[in-house]
Undergrad: 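Provided herewith is a single structure, encoded as structure tokens, for subsequent inquiry.
Counting starts at 1 for both ligands and their atoms, in listed order.
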Amino acid sequence: MTANEQWCLIERPEAAVGDRHFEVRNTAIPVPGDNEVLVRNLYLLIAPSMRLWMNERETYFPPQPLGEVMTGITLGVVESSNVPELQPGDYVNGLGGCQKWFVANPDSLQKVQVAADMPLELYRTVIDVQGLTAWCGLTEVGKPQKGETLVVTAAAGSVGSLVCQIGKKIGLNVVGIAGGPDKCEWLRQECGIENVIDYKADDLAAKLDEMAPSGVDLAFENVGGPVMDLIIDRLNFKGRVILCGLVSSYNGAGGTQSTESLMRVVNKAARIEGFLVSEYMHRYADVATLVEGGIRDGWLKYRVDVIDGLDNFVDALGKVFRGENKGIQLIRIAPEETGNEYGHSRGAC
Ligand code: NAP
């Protein structure tokens, strides 16, 4: 066993995250006490919201305490256990933090049941919070009707790409907005989304008018700022904006929303509704089954962008804000065990 490596936040960033905001500590691997398990982290999800957790201002989490291990959404494997319900070899999801090892009470962990034909990393990505966010945000918050026009921002991203494809499956006219030719081509070719706008190269307003000629009934907003203004400007009567996130503002330099555009929400009796995926945990299992089914049936595509090594944490988070992530950004903290084609054992699940 190697020592534990822990990434601790020591300074709150005001803009983009850099190495100086963290201290890397090498500590002893913790020992589980009564009613605890020792978990070896395998995957760390690099979510844009991690940047918000670093601020002093509370989010849906309390602010990340300075000097402590950075909060992180992880998938790991139980290495030793003092509880009957979890055994060595079991895979668990949890808030295991930006570190290699942690001990936890089983109540704070979720045992992962890995299907034999699915890569393990999907259980901390598509068949997990991203799938749940996309599915419940679109269907439960947006309440889409067949034939409506849906515009999705960060459309090639983790949540956005799933929203586009679920929207298409429901029978919506989907318009995806993404940055750069690679992402746009992937949405068109792989995900079958015909109406895609490259906001970095195209005339966004003109393309929106062309691809949503009857206006926008529904928007799934991940970005905010001027792009959101252009979408709101085109909202139809009783249009809905599903506010999932405002990633353009997380590094502290985001554009503000135009009051002129927001007046359209009033004039069109439209609605902007924020939501949190944590409100939909009661749907976790059934949405996971739907997403697994979509992948098996071939209509739901995904891209996972895996970087090896926790020492790439700052760069991985930066990639998400530079739009360089090609799909869901994950760090592989440690290799999976050998045992099947995906390289991890399934015997314990
Ligand atoms: P992601 O879309 O995989 O990655 C973020 C993408 O946002 C980047 O690839 C980039 O795409 C775009 N972006 C980043 N900075 C930007 C900027 N300054 N201006 C314009 N675009 C920018 O990330 P994700 O995990 O799926 O998250 C997407 C959104 O969902 C975020 O706002 C996140 O906070 C939110 N979220 C909310 C919930 C919830 O419960 N409400 C749950 C999960 C995620 P381009 O290259 O295309 O610009």
Side-chain angles (χ1 to χ4, degrees), residues 15-17 44-55 59-61 72-73 124-126 128-138 140-142 151-166 175-187 191 193 196-202 204 219-231 241-257 272-281 283-284 287 302-307 316-330:
V17 168
L44 170 68
L45 178 69
I46 303 298
S49 52
M50 293 177 91
R51 175 62 189 81
L52 293 178
W53 307 340
M54 296 173 195
N55 294 342
T59 57
Y60 51 92
F61 281 160
I73 300 171
R124 194 72 280 194
T125 54
V126 189
D128 187 49
V129 167
Q130 267 96 13
L132 192 64
T133 305
W135 207 293
C136 293
L138 180 60
E140 299 220 10
V141 183
V151 177
V152 183
T153 55
S158 320
V159 173
S161 60
L162 300 175
V163 172
C164 286
Q165 295 172 86
I166 297 164
V175 180
I177 302 176
D182 169 80
K183 290 183 179 186
C184 292
E185 203 51 22
W186 179 72
L187 277 171
C191 305
I193 307 300
V196 179
I197 305 174
D198 179 352
Y199 74 94
K200 291 182 176 168
D202 294 332
L204 181 54
F220 196 102
E221 184 54 58
N222 289 314
V223 171
V227 173
M228 180 171 162
D229 284 339
L230 288 174
I231 297 168
V241 177
I242 306 158
L243 195 54
C244 179
L246 295 166
V247 68
S248 70
S249 68
Y250 295 179
N251 270 334
T256 50
Q257 297 312 135
I272 299 178
E273 183 172 346
F275 78 100
L276 278 177
V277 65
S278 51
E279 300 280 290
Y280 296 93
M281 292 314 280
R283 294 217 46 206
Y284 188 94
V287 171
Y302 61 88
R303 283 205 294 194
V304 182
D305 186 341
V306 180
I307 299 181
L317 191 57
K319 270 180 73 186
V320 167
F321 289 100
R322 294 189 297 271
E324 291 170 5
N325 58 316
K326 292 191 174 148
I328 306 170
Q329 192 67 64
L330 273 186

Undergrad: If you count every heavy atom of other residues, nucleotides or ligands that lies below 6.0 Å from Lys319 atom NZ, does the total exceed 12?
TA: yes
Undergrad: Non-hydrogen atoms closer than 4.0 Å to ligand 1: which protein residues do they belong to? List them by chain and number, please.
TA: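 Within 4.0 Å of ligand 1, protein side: Pro48, Thr133, Ala154, Gly157, Ser158, Val159, Ala178, Gly179, Lys183, Tyr199, Asn222, Val223, Cys244, Gly245, Leu246, Val247, Ser248, Tyr250, Phe275, Leu276, Val277, Val320, Phe321, Gly323, Asn325.
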Undergrad: Got a sec, which residues hit salt bridge (Lys or Arg N to Asp or Glu O under 4.0 Å) with Asp202, two or more places apart in sequence or on another chain?
TA: none
Undergrad: Which distance, rounded to the nearest 0.5 Å, do you find between the CD of Glu279 and the CG of Leu132?
TA: 11.5 Å
Undergrad: Taking Leu243's backbone N and O only, do any of them form a donor-acceptor pair with Glu221's side chain (distance below 3.5 Å, no angle check)?
TA: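 Side chain of Glu221 to backbone of Leu243, a donor-acceptor pair under 3.5 Å: no, none is there.
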Undergrad: Please walk me through it: do Cys136 and Val287 pass side-chain contact (heavy atoms from CB on, under 4.5 Å)?
TA: CA-CA 8 Å; Cys136 293; Val287 171; 4.1 Å; yes
Undergrad: How long is the span from the CD atom in Glu140 to the CZ atom in Arg283, to the nearest 0.5 Å?
TA: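 Interatomic distance, Glu140 CD to Arg283 CZ, rounded to 0.5 Å: 4.5 Å.
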